[in-house]
There are 2 protein chains.
Amino acid sequence: MDRTATAAPANDGPLAETIFRSLLKQIYDGRLAAGALLNEAALAEEYQVSRGPVREAIRRLQGFQLVTREPYLRARVVQLTPEFVRQLYEVRMALEGMACNLAAQRMSDAELRKIGDELEEYRTRAASSKSGARVKEKVFDFHERIVRGCGNERIVDMLCGDMYHMLRIYRKRSGAAPERKGQPSQEHWQILRALQARDGMLAESLMRAHIGKASELLLNTHAGGDTLASH
Amino acid sequence: MDRTATAAPANDGPLAETIFRSLLKQIYDGRLAAGALLNEAALAEEYQVSRGPVREAIRRLQGFQLVTREPYLRARVVQLTPEFVRQLYEVRMALEGMACNLAAQRMSDAELRKIGDELEEYRTRAASSKSGARVKEKVFDFHERIVRGCGNERIVDMLCGDMYHMLRIYRKRSGAAPERKGQPSQEHWQILRALQARDGMLAESLMRAHIGKASELLLNTHAGGDTLASH
DNA sequence: CTGGGCCAAAGTGTTGACACATTGCGGGCT
DNA sequence: AGCCCGCAATGTGTCAACACTTTGGCCCAG
């Protein structure tokens, strides 16, 4: 039953998959800076594989719009300009707002109650402990729970796929925007109440406003306006 | 200067690109039915190329979510079930609604006036001639004009890329839903007026309702509920 | 000194062969 | 007779070499 006894770093299935994940992670943590060039041959040598899997991984990144490329030119990691991030947030507001609206119609009372319990648990835990890192983690969980409850696989894929990935990259690069303390949590409660009241439009509006605030905060804090890559 | 003297069908650049477009077109017009299996070797022989480009084309289709595939299994053309299409329309309502909202803030008066002129021109032309085909073309133009005016490249790509593609496929397969005569045009006028009044929320609501009606009509007309492919 | 074109260097596109995973079928065991 | 195991058959994953395109630099003409 033991599938793979090797302790190699994440050798699950196709090499292209492994390389794809590796490149993705490298883009996340900045080892692959924005604007960096991806050389197929060099990467192939680095990973000790042929160019085929590398090529496929790069094409997948292109599909996720994380790298730009045209026919015979080299691929380069996309530049996450503030303008680009603003557009990303607009898409997120649209999709996650709709997800919220749908969730108000489709999530069960039990599911909603469970989310409420977890929010409560988080609040008490945050009051006693002072770990700021946990907060962010919990925030993401709240959003993801609602998105996954919307009953629309397409929306789930888009938001939990590339979208969150890219936003996370930007957030990390921009040096963890200053938290707005308990306010997000308060807004989460409002959203949850709207969901429990089955008021889809209200829930959508609240979610949009919630995301909009996060967006403004993120974009304004380092409104210097440079591309985050030109250093 | 004559790049390629061959009269072959659309040999522009990379083979993978050519094959990708060919497969896309074949999925459109139904030569590749939903649920059909894509065999890399067979396609390679058919196109007289190696498996590399074929493989790449299939992966791109996978990126567009037009084929489903997992690591070692064969790729198959996606099944456009009514449920799937419903979800697609929900995404479209979210994104195109947001696009409409943004367009209300960002499109110039001149652009909006031009769209109004074209709508007017279409109305008079439709009143005299009875070509129903022109109508649909014009409808799409209206939607696309607004989307492209929203100032958000991400939204434009998503909607005018795979989204419209898939919906067009479904519409074609389902046998051109019965037109609801002049009503769409009337709703277009309402949307345009909201845009000119710079009322983003209203424009968004109208656009959502407009798309929602089209969705219901499409899904109800052949509510038989089968997958469109199981014949 | 400047501009244009040739040429090598770098990198992507494509190929055919080989290795591995999955599947369906047939034979042997219970 | 029914079930499980193993084995070919099918098809995907990977590789290393070759062909084509682009790019940057060098040389030469003006």
### Task
List the steps and the verdict of side chain to side chain contact (heavy atoms under 4.5 Å, CB included) for A/V156 and A/N152.
CA-CA 6 Å; A/V156 174; A/N152 186 319; 5.8 Å; no

### Query
Are any of the side-chain nitrogens in B/R86 or B/E83 under 4.0 Å away from the carboxylate oxygens of its partner?
yes

### Message
Both A/L73 and A/E17 contact DNA chain D. Which one's nearest nucleotide lies toward the 5' end?
### Response
A/E17

### Query
With side chains defined as the heavy atoms from C-beta onward, is the minimum distance between A/L38 and A/R74 less than 4.5 Å?
no

### Query
Does B/F84 have any ring pair (Phe, Tyr, Trp, His ring centres under 6.0 Å) partners at least two apart in sequence or in another chain, and if so, which?
none

### Query
Any salt bridge (charged side-chain N to carboxylate O under 4.0 Å, His left out) pairs touching residues 30-48 of chain B, not counting sequence neighbours?
B/D29-B/R31, B/E40-B/R51, B/E40-B/R55

### Query
What is the distance from CD of A/E40 to P of D/dT14, rounded to the nearest Å?
15 Å

### Query
Rounding to a whole Å, what distance do you find between A/Y72:OH and C/dG13:C1'?
5 Å

### Query
Whole Å only: how far is the CG atom of A/L15 from the C1' atom of C/dC18?
15 Å

#### Entry: Carboxylate-amine/guanidinium proximity below 4.0 Å for B/R60 and B/E56
no

### Message
Any base atoms under 4.0 Å from A/L37, or only sugar-phosphate, or nothing? Heavy atoms, all strands.
### Response
nothing

### Task
Starting from C1' on D/dG11, measure out to CG on B/L38 and report it in whole angstrom.
13 Å

### Message
Could you tell me how far apart A/E45 (CD) and C/dA10 (P) are, to the nearest whole angstrom?
### Response
14 Å

### Query
Got a sec, which residues hit ring pair (Phe, Tyr, Trp, His ring centres under 6.0 Å) with B/Y28, two or more places apart in sequence or on another chain?
B/H165

### Query
In terms of the angle between their ring planes, are B/H188 and B/F142 parallel, tilted or perpendicular, with boundaries placed at 30° and 60°?
parallel

### Message
Going by the rule side chain to side chain contact (heavy atoms under 4.5 Å, CB included), which residues pair with B/Y89 if we only count those two or more places apart in sequence or in a different chain?
### Response
B/V85, B/R92, B/L167, B/R171, B/I211, B/S215, B/L218

### Message
What does the B/S/- profile of nucleotides 5-10 of chain D look like, 5' to 3', with a 4.0 Å heavy-atom cutoff to protein?
### Response
------

### Message
Need one value for B/L43: base, sugar-phosphate or nothing, where a base atom within 4.0 Å counts as base even if backbone is also close, heavy atoms only.
### Response
nothing

### Query
Which of residues 47-63 of chain B sit near DNA chain C, with a heavy atom under 4.0 Å from it?
B/V49, B/S50, B/G52, B/P53

